[in-house]
Structure formats: structure tokens, C-alpha cells
Amino acid sequence: MNENQTLNKPSNQLPTHAQVVIIGGGVIGCSVAYHLAKLGWKDVVILEKDQLTSGTTWHAAGLVEAGGFFSATKIDMAKYTLELYAQLEEETGQATGFNPLDMITIACKESRLEELRRISAFCRHFDVSMEELSPTEVQDLWPMMDSSDVLAGFLSAGDGRVNPVDVTMALAKGARNGGVRIFEGTKVTAIKKRNNRVAGVVTGKGEIDAEYVVNCAGIWAGEVGRLAGVNIPLQATEHYYLITEPIEGVTADLPVLVDPDRYAYYREEIGGFLLGVFEPVAAPWSVDGIPEGFSFGEIPPDWDRMIPFLEPLMDRIPVVKEAGIHKFFCGPESFTADDQPLLGETPELDNFFVAAGLNSLGILLAGGVGKVMADWIVNGVPDVDITGIDIARMAPFQNTPKYRKDRTVEALGMVFELGYHNRQYTRARNIRKSAFHDRMVAANAYFGCYAGWEYPDWFAPKGVEPKVEYSWGRQNWFEYSAAEHRAAREGVTLMDYSVMGKILVQGRDAEKYLNYICANDIAVPVGRCVYTQWLNETGTIEADLTVTRLADDLFLVLTGDETTNKAQAWLRRHIPADAHVFITNITSAYSVLSIQGPKSRDLLSSVTHVDISNEAFPFLTMQEIDIGYALVKALRITYVGELGWELYIPTEFSLHVFDTLVEKGQDFGLKLIGLQALESLRLEKAYRDYGGDIDNTDTPLEVGLGRFVRFDKPGGFIGRDALLRLQETGYRYLMPQFLLEDPEPMLYYGEIIYRNGEPVGYIMAGSYGHTLGAAVGVGPVENNGDVVTAEYIESGSFEIDVAGTRCPARASLRPMYDPKLERVRC
Ligand SMILES: Cc1cc2nc3c(=O)[nH]c(=O)nc-3n(C[C@H](O)[C@H](O)[C@H](O)COP(=O)(O)OP(=O)(O)OC[C@H]3O[C@@H](n4cnc5c(N)ncnc54)[C@H](O)[C@@H]3O)c2cc1C
């Protein structure tokens with residue numbers, strides 16, 4: 001009798017009720033169960049349609065590593081996973097095959113070298129070693145490789161490999177020891193719902209009522225999502241490794257070699273090599289649905305397609321060319337539109353969670369994923385930054401078969417592409433366009449893609465092709481964007497801002513419930529706009545947005561592109577179903593143009609009959625104004641730190657308004673600007689960006705947004721008590737703005753901040769401050785676990801590590817550009 005069979009004992013009778021049902025017995029489902037049990041939730045059931053590990057888990061290559069990530073959340077997850085795997089066998093008595101090995105990542109291009117220097121500094125900040133080696137040192141550690149093109153290597157000690165099946169069995173055993181019941185051969189065929197809440201599952205063997213259901217169905221997660229009526233966009237994709245026959249001299253203690261410039265990794269396997277490949281042009285598999293009965297499945301390898309990708313791998317280890325091939329393996333793994341996992345509570349259905357779309361990192365992230373999910377389910381909030389991995393960020397159209405198929409061709413190889421801050425996918429593009437798109441094309445825009453929207457990043461001058469030449473220094477568009485920046489500071493600019501999420505909240509009870517959700521006071525006169533955060537009970541930020549009162553019983557919520565679904569779900573979850581409040585997403589009903597700069601009033605006055613003087617149209621108010629033949633809602637607000645308005649235009653009038661403004665704008669030197677200029681302008685003002693420099697783990701008090709919190713408003717707000725407690729205990733960190741003293745280096749993300757020579761944090765968002773004259777960024781500053789005060793920031797001497805060079809920097813808790821808001825309120 002094997003371990004799988006014993007897991008069904010002592011009873012194989014399905015319960016009629018469980019607190020949590022987990023769908024899928026792969027490494028992820030078992031880890032979620034294990035961690036729920038660790039938190040004391042014992043009434044947990046795993047349902048597996050076939051046998052544990054029979055999906056993708058059984059054939060994974062089993063690499064585990066903590067280094068190499070440029071994300072605090074992923075490092076946290078991977079580091080924790082390694083620690084867990086290192087002790088799991090001792091805890092459960094079940095072997096895991098854990099073999100701690102060093103890992104060497106090589107750089108064969110200057111750009112890769114700079115990236116790895118940046119990443120290694122970032123990793124060291126999180127106590128993950130990643131030491132630079134010379135080409136000779138690399139060759140000594142890996143004698144069989146051809147290192148002729150290697151510029152450097154980066155050694156992570158103590159990473160390693162596991163046997164994925166054994167690890168999963170050990171997690172299952174640990175879960176079962178904690179009370180979890182596991183049922184194999186039990187396929188979930190339907191999801192039960194009550195109103196907007198999950199109520200249980202239906203299987204061929206009976207039904208289970210449940211408070212929570214967690215979809216850990218791997219490549220089937222989209223199908224299971226459809227059973228629940230929720231959107232889980234991921235796509236199974238062919239994924240390969242080649243195992244050679246044994247080769248003399250290859251030993252099990254050989255470090256794992258990662259060769260991102262050849263989209264490859266190499267390690268020992270049964271005395272030979274395993275060559276893993278992440279080919280840059282990949283093949284989605286079974287777009288219309290996974291074949292029935294696919295279990296412990298393999299995909300016949302497509303040799304013709306793969307040979308061109310394998311040849312450079314073999315050139316790296318010439319001896320491989322002489323060795324026989326033991327196995328060329330292909331299995332399906334799920335990939336997502338942005339190569340990030342899909343985790344969390346689905347916005348459409350309460351208590352229905354998902355943990356899927358692991359993009360070939362499922363084994364090495366499984367421990368962390370299980371822990372984060374269990375915390376999220378048990379405590380109601382995750383304890384790490386989930387803004388980049390939250391299932392709520394995905395748009396429904398990203399789940400169409402055509403989108404999944406086209407995007408996935410690129411997603412696999414993207415795992416090893418250089419991670420420039422402005423790196424863009426090239427496939428499945430030009431789908432979601434604003435009404436101004438063709439005008440922007442005509443104006444020579446270079447487009448990025450954000451939340452599926454095509455969005456001008458910058459504009460090339462006439463006659464210049466709008467194309468990015470990626471680098472870690474000043475990219476080819478630097479001067480074009482600088483000119484856009486200066487136009488916003490000195491003249492007048494126009495930007496397509498249609499991607500903004502727009503949600504109407506209306507009804508007799510709208511003010512009452514919305515005000516309890518907002519930390520600022522939105523019980524304001526009609527026409528007022530309020531900047532606010534929505535907090536959870538722990539006082540951390542769930543959304544960062546504005547609320548404008550359009551009428552006594554009507555509010556317009558304006559939020560970021562990727563946070564719209566989440567904001568909408570948050571409203572639904574926090575407003576009683578019987579309250580007289582109605583929530584409508586009207587994002588597509590209005591286009592948005594942002595007109596900004598000291599001459600914006602002059603231009604706008606020339607096309608409207610409404611008095612838009614400071615007295616008649618003050619900062620943070622909204623009025624309906626005429627522009628040409630159209631009526632638009634004008635909101636006097638800025639995200640660049642200048643006089644300006646956002647114009648909410650009924651979509652069908654978009655081009656008329658645009659053309660009117662552009663025609664008149666010629667008299668005022670109007671310039672179109674893109675997202676890169678916006679980023680530089682807003683960072684000079686230290687305006688916050690949710691999902692960029694602030695996230696769900698931050699409180700408004702610690703990130704400099706305390707002035708938008710109204711502790712004394714009648715009725716209070718969600719998170720108030722937690723913030724009051726925080727005020728008493730003191731702040732864990734503060735988030736100053738930094739300006740490098742040297743005008744040359746660039747800041748993007750992840751550069752380590754030093755105070756008086758000690759590492760205290762890292763840059764969350766950086767750009768070039770064309771007005772301030774050097775790179776500018778923001779990032780949290782800690783004090784070794786002690787409280788951080790303004791005095792601590794002001795008395796410190798700061799440096800920022802840019803790819804290994806410490807650059808002196810100024811720190812300020814007040815924006816260095818226009819701290820008194822004189823340019824905004826004029
Ligand atoms: C060739 C290859 C190499 C890889 N190498 C590595 C590596 O070195 N390191 C690494 O970290 N990752 C690696 N991966 C990725 C890793 O294998 C996956 O990310 C991971 O196994 C995903 O685990 P999972 O639990 O999400 O999915 P799965 O293991 O597929 O588990 C999902 C389970 O859900 C079950 N299920 C589906 N639908 C239902 C239903 N309706 N009812 C009940 N049960 C259902 C399935 O039967 C399946 O067992 C590799 C993947 C491939 C293909």
C-alpha cells in the first residue's frame with residue numbers, strides 16, 4: 001500500500017460540511033491545507049480528482065531558490081519555502097528529497113550584469129546571499145561549461161532542489177497530522193453559492209457545504225473558476241527539460257547553473273545533466289480545455305520546434321553534445337498574462353479563494369504561497385504586499401481563449417527576460433484602446449500596456465520611430481520625456497487618462513456607508529472632491545482613490561486601472577445588501593483627458609464659457625463645463641503638482657473634445673505627454689501610487705498620508721482603532737522622498753537606502769526628476785525594529801546603492817518640489 005492510499009484512511013466517506021474545501025491536491029493545495037492546520041483550522045478537506053501530485057507537480061524539476069527575485073514578496077515566499085522544506089522531513093517523517101545546493105546565475109551581457117548587481121544588492125538586504133564571482137571562479141565551480149562569454153556569476157548559497165512528489169506528500173502528511181482530511185478520486189463538478197458568497201462544492205461522491213473554498217486546481221483553475229462564475233485567466237503551456245544519459249564527472253553536489261541569457265538552467269540528474277529551457281517563443285497547450293482524464297500526463301515533445309532553442313544550451317556544456325539523451329520531457333504548466341501568480345479572494349465571489357498560475361515557480365514558492373493564503377483566509381488580510389499578485393488585478397477579457405493563447409507565447413520566456421521597469425509584452429496588444437488611441441498613434445506615441453489598456457508612455461518627435469532601446473541607463477526616449485515633463489511645469493500638457501477606474505455609488509444610504517469605508521470625510525458639499533484611503537480593520541490600505549460628491553445621493557469614485565475590480569468588491573462587501581446603495585462601474589462610459597500646467601487655465605478658458613478662475617472653480621472641486629459642443633465633468637485636481645483639471649467626457653464626445661483642445665492648444669504650446677513624464681512629475685511631488693510605492697501592508701500614517709485621515713468625524717471609519725493604537729506605539733517606518741546628489745545615476749526600483757552607513761530600506765519607485773535635476777524616488781526607512789520619527793529621518797545622512805555604487809542622497813518628508821502647494825492652489 002502506498003502513501004496515497006493510506007491518506008484516505010481512516011474514512012473515505014465525504015463529510016457533508018467543512019470549514020474549508022481545497023480543490024486540488026498538488027503542491028499548492030497541500031501547502032494551503034498544511035498552513036491552515038498550523039493556524040489551528042482543522043476542519044479542512046482537500047478534494048483531488050485523481051491522485052495527489054497527478055497534475056503538474058509530479059514532473060517538476062524541483063529547483064528551489066530564494067535569490068534572484070526583484071520582489072520583496074517573492075523573496076519572502078521563497079525564503080520561507082526553503083526554510084520549511086529544510087525541516088519538513090524531520091517534522092513529518094516523510095522524505096522530501098531536499099538537497100541544499102549552491103546556485104550560480106551567470107551574466108553574459110552588460111545589461112544582465114547590471115541587473116544582477118541590482119538584484120543581488122536587493123537580495124542581500126533580505127539576508128539572501130548572492131555574491132558576485134569572476135568568470136574564472138565560475139569556471140572553477142563548473143568545469144564542464146564553456147565560460148568564454150561569461151562576464152560574471154552570482155552565487156546563492158544554500159538554494160537547492162527537492163523531489164516535488166515527496167515534498168507534496170510531506171505537506172499532505174503534515175496537514176493530515178493537523179486534522180486535514182484528503183479525498184482522492186473526488187472531482188469537484190459544481191460550486192454552490194448563496195447570494196455573493198460561496199456555499200460549498202458538488203462532487204461525483206456527494207456535496208460538501210463549506211464556508212471557504214480554495215481553488216488550487218493548477219492548469220484546471222480556470223475551469224474551476226468558470227464553475228464558480230469567476231474570472232481566472234491562466235493558460236497551460238508546453239514546458240520542457242532534457243535529461244542526458246550519465247556523464248563521467250557529473251556529481252550530485254554540482255551547483256545549479258542558471259543561464260538567463262540562453263533562457264536555461266542546468267543541474268545534475270541521475271549522473272548526467274538536466275537542461276531546463278524557457279524558450280522565448282512558447283507553445284500554449286489545449287487552449288479550449290484540458291483533455292478529459294489527463295493525469296500524470298506528458299505532452300509528446302515537439303522536437304522540430306524545440307531544436308533551435310536547445311542548441312545554445314548544448315553549446316554551453318559541450319560534453320552534452322556527445323552524451324545520449326535519456327529523456328526529453330514536456331509537461332503543461334500554467335502561465336498568466338503578466339507572469340505573476342493569481343492569489344487571493346476573487347472579487348466576484350466572497351470566500352472563494354484562488355492560488356494558481358505559478359508560472360513555473362510553484363515548487364519553490366509553494367511554502368510561501370500556502371502561508372500567505374492561510375493567513376489571508378484566517379485573518380482576513382494578507383501580511384505581505386499582494387498588489388502585484390492579487391487575482392483582483394485581472395480583467396475579464398484576459399481570459400478569452402484568443403488572449404490567453406497569444407499572450408502565453410511570450411509569457412514563458414519572459415521569466416528570464418531582463419526585468420526593465422518599462423519592459424513591455426509585445427503579444428496580445430492593441431486590444432483595449434481609449435477613444436483617443438488613433439490620435440495618439442498619429443502623434444507618434446510609444447505605447448505601454450497597463451491593465452490591458454494601451455497607454456502612451458512617451459511621444460517621439462516627428463520622423464523618429466517610437467521604439468524603446470532598453471538599458472539600465474538613460475534610455476533613448478529620456479530627452480523626449482524630459483521635454484514633456486518641462487511642458488507640464490512651464491506650459492500646458494494633455495494626457496489620455498481614460499484608464500482610470502470610475503465607480504458610481506448612489507442611493508439614499510450612500511453617504512452613510514461610503515463615509516464609514518473612507519478614512520477621510522466624504523460628507524462634503526456637492527461638487528467637492530476628497531482624496532482618501534480605504535482601510536481594513538488592521539489599518540492598512542485597501543484602496544487609494546478620490547471620491548467626488550456629484551449630488552446628495554451620488555458619489556463618483558475614481559481609482560487606478562488595476563484596482564477597480566478590487567475597489568468595487570470592497571464596496572459590495574462593506575455595504576449591507578439591504579442598504580439603499582447601488583454600485584456601478586462606469587469606466588467605459590467616460591474618456592478622461594488630464595490638462596495640466598500653469599497655462600492650463602488659459603487654454604481651458606478659451607474653449608469654455610464657464611468661469612474657471614480660482615475663486616469660481618477652486619482646487620478639489622468638480623463642475624460641469626462646456627467644451628465646444630460637449631458637456632464634460634471637469635475635476636480640478638492634479639497628479640503632477642501643477643494647476644490642472646481632469647476632464648470626464650462622455651465617450652461619444654471624446655474626439656470632439658480632444659480635437660477642440662488640441663486645435664486651440666496650438667496657441668498655448670500644448671504638448672501631449674505620456675506615463676513616463678507623469679511618473680517623473682508625480683515623484684517630484686512625492687504623490688503616492690498604490691501598487692507602486694504603497695501597498696496593502698502600509699498604513700496611511702507611516703507613508704505620509706496622515707493628513708487625509710479624519711479621526712474625529714462622526715461615525716468613525718474602518719481601521720480607526722488600529723491607527724489610534726499605532727499612534728501610541730509609534731511608527732515602524734516613514735517614507736521620505738530621496739533626491740540623488742549626482743545628476744547621472746538612475747533610480748527605478750529596489751535600490752537599497754543607507755542611513756549613516758546602515759541599510760534601512762529600499763526605493764519603492766524611482767524616476768528622473770527633470771526639474772529637481774537628478775533621480776528622485778520614495779521608499780520606507782526603518783530603524784532596526786525601533787520606532788521611526790521625523791527627527792530620525794532629518795538627522796540621518798543618506799546614500800542609495802545603485803548597482804553597487806553608493807550615491808549620496810537628500811531625504812525629505814516634505815515634497816522637494818513645491819512643498820507649499822503654491823502652484824496647485826493658484
Ligand atoms: C517541466 C516543468 C518543470 C518545472 N520545474 C519547476 C521547478 O524546478 N521549480 C518550481 O518551483 N516549479 C517548477 N515547475 C512548476 C511546478 O511544477 C508547478 O508550478 C506546480 O506543480 C503547480 O502546482 P499546483 O498545485 O498549482 O498544480 P497541480 O500540481 O497541477 O495540482 C492541481 C491539482 O488539482 C486537481 N484538480 C483539477 N481540477 C479538479 C477538480 N475539478 N476537482 C478536484 N481536483 C481537481 C488536479 O488533478 C491536480 O492534481 C515545473 C513545471 C514543469 C511543467
Side-chain angles (χ1 to χ4, degrees), residues 21-33 45-65 77-78 81-82 85 159-165 167-168 171 182-191 201-205 213-228 234 236-243 256 258 265 267 269 274 276-278 285 290 292-299 301 327-335 341-343 354-370 412 415:
V21 168
I22 294 169
I23 305 171
V27 69
I28 299 294
C30 291
S31 181
V32 173
V45 165
I46 298 178
L47 300 179
E48 165 53 51
K49 69 179 169 59
D50 193 322
Q51 288 181 36
L52 296 187
T53 76
S54 62
T56 298
T57 297
W58 72 277
H59 54 60
L63 291 192
V64 287
E65 60 168 314
M77 285 183 173
T81 304
L82 268 173
Y85 290 174
D159 286 346
R161 53 190 268 204
V162 291
N163 179 331
V165 172
V167 155
T168 308
L171 288 167
I182 299 175
F183 296 89
E184 294 177 301
T186 309
K187 180 173 179 176
V188 171
T189 53
I191 305 289
V201 298
V202 178
T203 79
K205 295 181 175 169
V213 173
V214 192
N215 175 357
C216 301
I219 56 173
W220 295 267
E223 263 170 42
V224 170
R226 275 191 290 283
L227 297 178
L234 51 79
T237 305
E238 291 182 10
H239 192 23
Y240 288 85
Y241 52 71
L242 183 147
I243 301 173
V256 176
V258 181
Y265 64 91
R267 70 161 173 78
E269 178 79 18
L274 180 149
V277 56
F278 282 75
W285 179 74
I290 312 296
E292 193 61 36
F294 186 82
S295 199
F296 291 113
E298 294 187 32
I299 305 171
K327 173 99 187 154
F328 187 36
F329 179 85
C330 179
E333 164 66 343
S334 45
F335 283 81
L342 306 175
L343 304 186
V354 61
L358 272 302
N359 301 289
S360 202
L361 301 178
I363 309 298
L364 73 87
L365 292 179
V369 167
L412 184 93
V415 173

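Numbering starts at 1 and runs along the sequence shown. Counting starts at 1 for both ligands and their atoms, following the listed order.
Contact of the Ile363 side chain with the Val162 side chain is registered, since non-hydrogen atoms from C-beta on lie closer than 4.5 Å. Side-chain contact between Leu358 and Glu333 is present, with heavy atoms from C-beta onward closer than 4.5 Å. Using a 4.5 Å heavy-atom threshold, the side chains of Ser360 and His239 count as touching. Side-chain contact between Tyr241 and Phe328 is absent, with no heavy atoms from C-beta onward closer than 4.5 Å. At a threshold of 4.5 Å between non-hydrogen side-chain atoms, the residues Asp159 and Leu82 count as touching. Between Ile219 and Thr56, the closest side-chain pair of non-hydrogen atoms falls below 4.5 Å. Side-chain contact between Ile23 and Val201: present, with at least one pair of heavy atoms (C-beta onward) separated by less than 4.5 Å. With a 4.5 Å cut-off on side-chain heavy atoms, Tyr240 and Val277 count as touching.
Atom numbering of ligand 1 starts at 1 in the shown order; those under 4.0 Å from a heavy atom of Leu358 are 19 (O). Of all atoms in ligand 1, numbered sequentially from 1 with element shown, those under 4.0 Å from a heavy atom of His59 are 52 (C), 53 (C). When each atom of ligand 1 is checked for a heavy atom of Gly331 under 4.0 Å away, the hits are 53 (C). The contact set between ligand 1 and Gly55, taken as ligand atoms under 4.0 Å from a residue heavy atom, comprises 30 (O), 48 (C), 49 (O). The Trp220 neighbourhood of ligand 1 comprises atoms 30 (O), 37 (C), 38 (N), 46 (C), 48 (C), with distances under 4.0 Å to a heavy atom of that residue. Below 4.0 Å from some heavy atom of Leu364 lie the following atoms of ligand 1, by number and element: 10 (C), 11 (O). Using a 4.0 Å cut-off to heavy atoms of Val27, the atoms of ligand 1 that qualify are 23 (O), 25 (O). Of all atoms in ligand 1, listed by their number and element, those nearer than 4.0 Å to a heavy atom of Leu47 are 43 (C), 44 (N).
The protein non-hydrogen atom at the shortest distance from atom 2 (C) of ligand 1 is His239 CD2, 3.4 Å. At the shortest separation from atom 3 (C) of ligand 1 among protein heavy atoms lies Ala61 N, 3.5 Å. Protein heavy atom closest to atom 21 (O) of ligand 1, with residue, atom name and distance, is Thr57 OG1, 2.9 Å. Among all protein heavy atoms, the one lying closest to atom 15 (C) of ligand 1 is Glu333 OE2, 3.4 Å. Protein heavy atom closest to atom 32 (C) of ligand 1, with residue, atom name and distance, is Cys216 O, 3.4 Å. Protein heavy atom in closest approach to atom 31 (O) of ligand 1: Gly26 CA, 3.4 Å. When only non-hydrogen protein atoms are considered, atom 27 (O) of ligand 1 lies nearest to Gly218 CA, 3.6 Å. For atom 34 (O) of ligand 1, the nearest protein heavy atom (residue, atom name, distance) is Gly24 CA, 3.1 Å.
To the nearest 0.5 Å, the span separating CG on Leu63 from CZ on Arg267 amounts to 6.0 Å. Taken from CG in Leu342 to CG in Asn359, the straight-line distance is 7.5 Å, to the nearest 0.5 Å. Interatomic distance, Ser295 OG to Glu48 CD, rounded to the nearest 0.5 Å: 7.0 Å. We find the CD1-CG distance between Ile243 and Leu274 to be 5.0 Å, quoted to the nearest 0.5 Å. Atom SG of Cys330 sits about 9.0 Å away from atom CD of Glu298, to the nearest 0.5 Å. The CH2 atom of Trp285 lies 3.5 Å from the CZ atom of Phe294; values are rounded to the nearest 0.5 Å.
Between Pro164 and the options Thr53, Leu364, Thr57, Val64, a side chain to side chain contact (heavy atoms under 4.5 Å, CB included) holds for only Thr57.
Residue Glu48 has at least one nitrogen or oxygen atom sitting less than 3.5 Å from a nitrogen or oxygen atom of ligand 1, judged on distance alone. Remark: ligand 1 and Phe329 share no N or O pair separated by less than 3.5 Å (distance only, no angle test). The shortest N/O to N/O separation between Ile23 and ligand 1 does not fall below 3.5 Å. Residue-to-ligand polar distances place Leu63 within reach of ligand 1: an N/O pair is separated by less than 3.5 Å. Residue Gln51 has no N or O atom closer than 3.5 Å to an N or O atom of ligand 1. On a distance-only criterion, Gly29 and ligand 1 share no N/O pair closer than 3.5 Å. Polar contact check, Val188 against ligand 1: a nitrogen or oxygen pair lies under 3.5 Å apart. Taking distance alone, with nitrogen or oxygen atoms compared against 3.5 Å, Thr53 stays at or beyond that limit from ligand 1. The shortest N/O to N/O separation between Ile363 and ligand 1 falls below 3.5 Å. Taking distance alone, with nitrogen or oxygen atoms compared against 3.5 Å, Lys187 stays at or beyond that limit from ligand 1.
At a heavy-atom cutoff of 4.0 Å, ligand 1 is contacted by no atom of Ala366, backbone or side chain. When non-hydrogen atoms are compared, ligand 1 lies under 4.0 Å from the backbone of Leu361 (N, CA, C, O) but not from its side chain. At a heavy-atom distance under 4.0 Å, only side-chain atoms of Tyr241, from C-beta outward, approach ligand 1.
Residue contact check for ligand 1: Ala356 places no non-hydrogen atom closer than 4.0 Å to it. Thr186 counts as a contact of ligand 1, since one of its heavy atoms falls under 4.0 Å from the ligand.
Both tests hold for Lys49 against Trp220: distance to the six-membered ring centre under 6.0 Å, angle to the ring axis within 45°.
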Subject >> Stepwise salt bridge (Lys or Arg N to Asp or Glu O under 4.0 Å) test for Glu269 and Arg161 >> reply: CA-CA 11 Å; Glu269 178 79 18; Arg161 53 190 268 204; 3.4 Å; yes
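Ring pair Phe296/Trp58 is perpendicular by interplanar angle, where above 60° counts as perpendicular and below 30° as parallel.
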